[in-house]
2 protein chains.
Amino acid sequence: MADIGAHSGGRRVKNGHESLATSPGVTLAESLRQKLEGAIAAGHLEPGSRLDEQEIAQRFGVSRTPVREAFRLMAANNLVELRGRQGATVRSIKAQALIEMFQVMAELEGLCARLAARRVSQAWGAEIGEIHQRLVAAGETGDIDVFYDINQEFHEAIYEASRNSFLADQTRKLRNQVAAYRRRVTRMPNRIADTVREHEAIMQAILAHDPERAHSAMRDHVNLLGDNLLDFLAAFE
Amino acid sequence: MADIGAHSGGRRVKNGHESLATSPGVTLAESLRQKLEGAIAAGHLEPGSRLDEQEIAQRFGVSRTPVREAFRLMAANNLVELRGRQGATVRSIKAQALIEMFQVMAELEGLCARLAARRVSQAWGAEIGEIHQRLVAAGETGDIDVFYDINQEFHEAIYEASRNSFLADQTRKLRNQVAAYRRRVTRMPNRIADTVREHEAIMQAILAHDPERAHSAMRDHVNLLGDNLLDFLAAFE
DNA sequence: TAGTGCCGTTTTGTATACATATATTGATGT
DNA sequence: ACATCAATATATGTATACAAAACGGCACTA
């Protein structure tokens with residue numbers, strides 16, 4: 001079975017349990033949720049793999065109760081699938097569902113961009129410019145994991161700039177749902193160069209306060225990524 | 001405290017417990033979720049009111065465990081708020097958040113309409129026409145609860161017609177989140193007549209296979225409803 | 001040999017008991 | 001009288017025990 005947190009610097013405490021950020025005031029269920037969601041997004045837990053209550057409970061040195069509650073919380077974010085009396089599995093997304101999700105995501109991210117174009121300030125321009133420069137630098141270095149993270153920062157900045165926190169939340173959640181699949185795409189041939197170019201178009205439209213152009217630029221960007229992702233998956237099936 | 005299910009024909013079984021659909025193969029937590037979500041949507045549970053684990057457990061004659069799990073599941077749909085060690089409350093949506101939610105909902109329902117316009121068949125035209133006729137009839141009768149339900153049917157038909165089940169799901173969830181507030185608006189002066197007129201515009205655009213017009217007609221419809229809702233709330237604050 | 005039904009094992013669902021954090025209340029002091 | 005602090009009470013979080021359903025293997029039969 002997948003080794004949760006093995007790559008995320010997860011060191012085990014002396015009694016053989018994975019360490020759980022044991023800050024006071026935070027429940028075990030919530031800590032578990034964060035850990036497990038991180039493991040899913042990072043791809044350490046394969047989509048479709050079963051989540052064994054007892055195993056996870058033992059691994060983290062807690063009882064089944066907080067583990068079960070964490071599963072329910074994760075179902076909130078559509079990251080696990082609960083089938084009554086048949087356990088929990090990491091949600092596996094079929095190609096058809098991915099198409100549907102990207103269609104929605106394109107629209108939501110497009111809305112973020114449109115609102116950002118209407119509401120954005122001068123200071124924000126400097127901020128996004130700085131992020132973009134770092135993205136370009138990472139692209140030239142070829143450090144894919146860094147590129148992935150900065151890319152995320154770029155989109156996050158636009159979520160915030162939309163000044164609609166509900167929209168930002170929804171979009172973020174959707175992004176997290178496809179994260180496990182998405183990460184693989186970054187490694188595709190022209191993806192990095194394309195991303196940089198597309199981001200520039202989005203940035204220009206927003207800074208020019210052109211909502212419609214910002215909307216369509218962002219929508220195209222997300223759709224292209226979706227197409228790439230489907231191409232990638234098709235190569236495996 | 002709010003009387004769960006008092007208006008939904010909720011009869012109590014002999015031992016004083018609310019009846020839970022006790023079909024085999026369905027867990028108590030899931031049954032509870034359905035019951036409670038229904039009570040929230042119907043307005044029998046006030047937004048902001050606290051959900052007491054013990055009380056609900058006693059009311060339905062179960063232990064706290066399935067009640068807690070039901071709370072976690074409901075948090076999935078953003079219908080309850082869980083604050084660590086401070087219990088669960090029915091999510092209360094502030095005016096600002098409602099504005100944000102309607103902005104997103106307008107976009108999502110607009111996307112449903114756009115896709116429907118592209119994909120809809122002849123047979124579907126008959127179906128939606130039949131629903132609309134019933135809506136008009138209910139409007140003339142003035143039976144507001146029936147009108148509300150048929151209105152929901154109309155929108156649901158468009159969700160399905162989009163042929164994007166993920167989008168349909170997201171939109172439905174969002175609709176459920178604001179349901180408790182929305183229901184009150186139906187009683188506003190011109191809302192019924194306006195709704196009928198707006199639905200006609202949407203229907204025509206979809207049946208004419210005009211995606212852009214369908215999109216904007218639906219978006220306007222949702223936005224107008226949102227405006228009405230805000231007017232309504234403003235009258236109370 | 002393939003299929004079917006039975007039985008034991010495993011895992012999930014629920015109840016209950018216990019630990020701990022938060023809220024409330026009352027006493028005390030200024 | 002009001003504020004503050006402490007002790008108690010209440011509710012949530014977690015652990016464990018028990019019940020029941022699903023899974024798997026095996027024997028039996030056609």
Side-chain angles (χ1 to χ4, degrees), chain A residues 1-2 4 13 15-37 45 48-76 79-91, chain B residues 1-2 4 13 15-37 45 48-76 79-91:
Chain A
M1 170 148 295
I4 302 172
V13 296
N15 50 358
H17 296 151
E18 191 114 359
S19 65
L20 264 186
T22 171
S23 6
V26 172
T27 65
L28 289 177
E30 178 61 20
S31 301
L32 280 167
R33 184 188 65 79
Q34 287 177 18
K35 272 265 181 190
L36 294 173
E37 286 193 356
L45 285 169
S49 67
R50 188 194 191 85
L51 293 169
D52 188 283
E53 291 180 2
Q54 300 198 55
E55 189 209 343
I56 293 175
Q58 285 188 347
R59 186 192 294 272
F60 290 96
V62 299
S63 78
R64 279 175 53 220
T65 307
V67 174
R68 286 175 61 82
E69 299 203 343
F71 286 179
R72 269 67 188 167
L73 290 172
M74 282 191 280
L79 287 172
V80 306
E81 214 165 348
L82 296 174
R83 279 170 303 182
R85 294 198 159 89
Q86 293 181 74
T89 55
V90 179
R91 185 173 192 94
Chain B
M1 170 143 303
I4 303 171
V13 295
N15 51 359
H17 297 149
E18 190 114 2
S19 65
L20 263 186
T22 170
S23 6
V26 173
T27 65
L28 290 177
E30 178 60 20
S31 302
L32 280 167
R33 185 188 65 78
Q34 287 177 17
K35 272 266 181 191
L36 294 173
E37 286 191 357
L45 284 169
S49 67
R50 189 194 189 86
L51 292 169
D52 188 282
E53 290 180 2
Q54 300 198 55
E55 188 208 344
I56 293 175
Q58 285 188 345
R59 187 192 294 273
F60 290 97
V62 299
S63 78
R64 279 174 52 220
T65 308
V67 174
R68 287 175 60 83
E69 298 203 343
F71 287 180
R72 269 67 187 167
L73 290 172
M74 283 192 279
L79 288 173
V80 306
E81 215 165 349
L82 296 175
R83 279 170 303 183
R85 294 196 161 86
Q86 291 180 64
T89 55
V90 179
R91 186 173 188 94

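Just so you know, these numbers come straight off a predicted model, no measurement behind them. The analysis underlying the following values was restricted to heavy atoms, covering all of them including side chains, and did not include hydrogens, waters or symmetry mates.
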TODO: List in chain and number order the residues that pass side-chain contact (heavy atoms from CB on, under 4.5 Å) with B/A76, two or more places apart in sequence or in another chain; answer none if no residue qualifies.
DONE: A/A76

Open item on the list: So, using side-chain contact (heavy atoms from CB on, under 4.5 Å) as the criterion, who are the partners of B/Q54 when residues are at least two apart?
Closed with: B/D52, B/R64

Task: Between C/dT12 (P) and A/E55 (CD): distance, integer Å - done: 11 Å

Open item on the list: Holding to salt bridge (charged side-chain N to carboxylate O under 4.0 Å, His left out), I want the full list of residues that pass it with B/R33, two or more places apart in sequence or in another chain.
Closed with: B/E30, B/E37

TODO: Grab the CD-P distance between A/E81 and C/dT12 for me, whole Å please.
DONE: 15 Å

Open item on the list: Quick check: do B/L73 and A/L82 have side-chain heavy atoms less than 4.5 Å from each other?
Closed with: yes

Produce the list of close N/O pairs, under 3.5 Å, pairing protein atoms with atoms of nucleotides 12-15 of chain D; give distances to one decimal.
unit_1 : atom_1 : unit_2 : atom_2 : d
D/dG13 : OP1    : B/R85  : N      : 2.8
D/dG13 : OP2    : B/R68  : NH1    : 2.7
D/dG13 : OP2    : B/R68  : NH2    : 3.1
D/dG13 : OP2    : B/R72  : NH2    : 3.3
D/dG13 : N7     : B/R64  : NH2    : 2.9
D/dG13 : O6     : B/R64  : NH1    : 3.1
D/dT14 : OP1    : A/L28  : N      : 2.4
D/dA15 : OP2    : A/S63  : N      : 2.7
D/dA15 : OP2    : A/S63  : OG     : 2.7
D/dA15 : O5'    : A/S63  : OG     : 3.4
D/dA15 : N7     : A/T65  : OG1    : 2.8

Open item on the list: Rounded to whole Å, how long is the line connecting atom CG of B/L82 with atom C1' of D/dA11?
Closed with: 14 Å

Task: B/E81: partners by salt bridge (charged side-chain N to carboxylate O under 4.0 Å, His left out), with sequence neighbours left out - done: none

